[in-house]
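Bear in mind the structure is a predicted one, so any value in this text is a computation, not a measurement.
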There are 2 protein chains.
Amino acid sequence: MTPSPIKVLLAEDQSMVREALAALLGLEPDIEVVAQAARGDEVLDAVRAHAPDVALLDIEMPGATGLEAAEQLQAAFPDLKVVILTTFGRPGYLRRAMESGASAFLVKDAPAAQLAEAVRKVLAGEKVIDPALAAAALAEGADPLTDRERDVLREAADGATNAELATRLHLSQGTVRNYLSTAIQKLAARNRADAVRIAREKGWL
Amino acid sequence: MTPSPIKVLLAEDQSMVREALAALLGLEPDIEVVAQAARGDEVLDAVRAHAPDVALLDIEMPGATGLEAAEQLQAAFPDLKVVILTTFGRPGYLRRAMESGASAFLVKDAPAAQLAEAVRKVLAGEKVIDPALAAAALAEGADPLTDRERDVLREAADGATNAELATRLHLSQGTVRNYLSTAIQKLAARNRADAVRIAREKGWL
DNA sequence: CCCCCCGTATGACACCTGTCATGCCGGACC
DNA sequence: GGTCCGGCATGACAGGTGTCATACGGGGGG
């Protein structure tokens, strides 16, 4: 017997990687890539048009991140299974992926065989998470930053001065410095650049 | 007639991407992936063992970068064609790739079809370079930084203070500040963080 | 109702950073 | 042999940054 194949949507911004992953999945007889998206904000429409069983989402994409897309998908299509596929095994990403209702979280340096396997498993109702990463995510606790502290850090990432940050965020310079100061302390950083680096590593930006 | 297939070595640190690219190339009847490497410092041995016609190298790899590997390969195997495949279309990377004797420079967000095409072209003696990127590389000129300025910038990337930089590099704090100051001016940056960002973008770090 | 947290703001202080002038040494190039 | 550049250093100054105390209004929880 040949049951109808699993229909997969693949969202990843780098064409070469996306099409290569499609080729990889195409080798599996029980999986069919029915749609591809190069941007996060194309995902919802693609799902509407092709009704896949599983959505495979990269995190770093223009338009919207895979995490944002996952959230929208869960709201609109509760039965659709979401697999997050990312370059960076950042604990904060994993946490947000789970909160967004994803069923699996894969890093791109895992063996390729795990991809098809994960697709089958999530469809069977299982969750797929690297145990080491799960431990790391639980160990470090949640993001300690407030929304505004995160905003300021994000804007500060490109080397902007306090004056520029104040303008961009419509705040006084003093307020910007207050937020940066508390963020630096919460992250145990030496200065703003260090704080940005730490927040990035943890997946909090 | 079926001529013997083109033998390709594939070096890329993310297993999933590497194996996916292998699957993609495997779809081409005239191309065979005879070896894979996950680290830059495995490339030379892999070439010795499998004598490929073309080496496909990612830049960002542990052990040694694809650019370093390319240089070694050109010295040891002048007839081997090298294709650099990278996430980041940084002009400085392209420049260094060409200086290392690479025959092609592809970015991962180019269409997948260009990969096999590039392999065939370099074997035929052609060079494969994105014209827009080539223009950018030529337009911006060469890296203006001196070796020490680059050293200091690289160490400053993680948010280190002048005192730490001085210790790490066995310099006086004043010297560190001098190097950073000249680097900031050469890169037209606002401060060290901005300078790090700019140098990274250009592929000079 | 009170307290705590968040967002926002100010002022003051110490310290860090970026700039500039200046100096010395060694190598490269004419 | 002189000139230029790179590596290294010092000192001084201005302005940017990080910290802290303090303040006020609003929202949520006990």
Between B:Lys81 and the options B:Ile6, B:Leu73, B:Val8, B:Leu123, the side chain to side chain contact (heavy atoms under 4.5 Å, CB included) test singles out B:Leu123
With A:Val54 as partner, the option from A:Leu9, A:Val82, A:Ile31, A:Val119 fulfilling side chain to side chain contact (heavy atoms under 4.5 Å, CB included) is A:Val119
In whole angstroms, the gap separating C1' of C:dT19 from CG of B:Leu187 amounts to 16 Å
Salt bridge (charged side-chain N to carboxylate O under 4.0 Å, His left out) filter on B:Asp30, not counting sequence neighbours, yields B:Arg120
Numerically ordered, the residues 145-159 of chain B set in heavy-atom contact under 4.0 Å with DNA chain C is none
In whole angstroms, the gap separating C1' of D:dT19 from CD of A:Gln185 amounts to 7 Å
Rounded to whole Å, the CG-P distance (B:Leu165 to D:dC8) equals 14 Å
Problem set entry | Basic-acidic side-chain contact under 4.0 Å: B:Asp143, B:Arg95 | no
Taking OP1 and OP2 of D:dG7, is either one under 4.0 Å from a side-chain nitrogen or oxygen of B:Tyr179?
-> no
Q: Without swapping roles, check the side chain of B:Glu149 against the backbone of B:Thr146 for a donor-acceptor pair under 3.5 Å.
A: yes
When rounded to whole Å, the CG to P distance for the pair A:Leu180 and C:dT8 reads 13 Å
Within residues 196-205 of chain A, those residues having any heavy atom closer than 4.0 Å to DNA chain D are none
By salt bridge (charged side-chain N to carboxylate O under 4.0 Å, His left out), B:Arg168 pairs with (sequence neighbours left out) B:Glu155, B:Asp158
In whole angstroms, the gap separating P of D:dG6 from CG of B:Leu169 amounts to 18 Å
Contacts of A:Ala163 meeting side-chain contact (heavy atoms from CB on, under 4.5 Å) (sequence neighbours excluded), chain-then-number -> A:Thr161, A:Gln173
- Does B:Arg200 use its side chain to pair, donor to acceptor, with the backbone of B:Leu205 at less than 3.5 Å? no
Residue pairs meeting salt bridge (Lys or Arg N to Asp or Glu O under 4.0 Å), one or both in residues 51-72 of chain A, sequence neighbours left out, come to A:Asp58-A:Lys108
When rounded to whole Å, the CG to C1' distance for the pair A:Leu171 and C:dG7 reads 9 Å
Scanning both residues in full, the closest heavy-atom pair of A:Arg150 with A:Trp204 reads CD-O, 2.9 Å
In this structure, CG of A:Leu21 is separated from CG of A:Leu85 (nearest 0.5 Å) by 6.0 Å
B:Ala97 meets the side-chain contact (heavy atoms from CB on, under 4.5 Å) criterion, sequence neighbours left out, with B:Leu67, B:Ile84, B:Ala102, B:Phe105
Does any non-hydrogen side-chain atom of B:Leu106 lie less than 4.5 Å from one of B:Leu56?
no
Rounded to whole Å, the CZ-C1' distance (A:Arg190 to D:dT17) equals 15 Å
Protein heavy-atom contacts under 4.0 Å, written 5' to 3' over nucleotides 10-15 of chain C as B (base), S (sugar-phosphate only) or - (none), form the string B-B---
Enumerate the protein-to-nucleotides 23-25 of chain D contacts in which both atoms are nitrogen or oxygen and the separation is below 3.5 Å.
none

Between NE2 of B:His170 and P of D:dC8 the distance, given in whole Å, is 11 Å
### Message
With a cut-off of less than 4.0 Å, is there a side-chain N or O of A:Asn162 near OP1 or OP2 of D:dT17?
### Response
yes
The bend of the helix from C:dG7-D:dC24 to C:dC30-D:dG1, taken between the axes of its five terminal pairs at each end and rounded to 10°, is 40°
Sorted by chain and residue number, the side-chain contact (heavy atoms from CB on, under 4.5 Å) partners of A:Arg18 (sequence neighbours excluded) come out as A:Leu10, A:Glu12, A:Ser15, A:Gln36, A:Ala38
side-chain contact (heavy atoms from CB on, under 4.5 Å) filter on B:Ala156, not counting sequence neighbours, yields B:Leu165, B:Leu180
Taking the side chain from B:Asn191 and the backbone from A:Gly159, do they hold a donor-acceptor pair closer than 3.5 Å?
yes
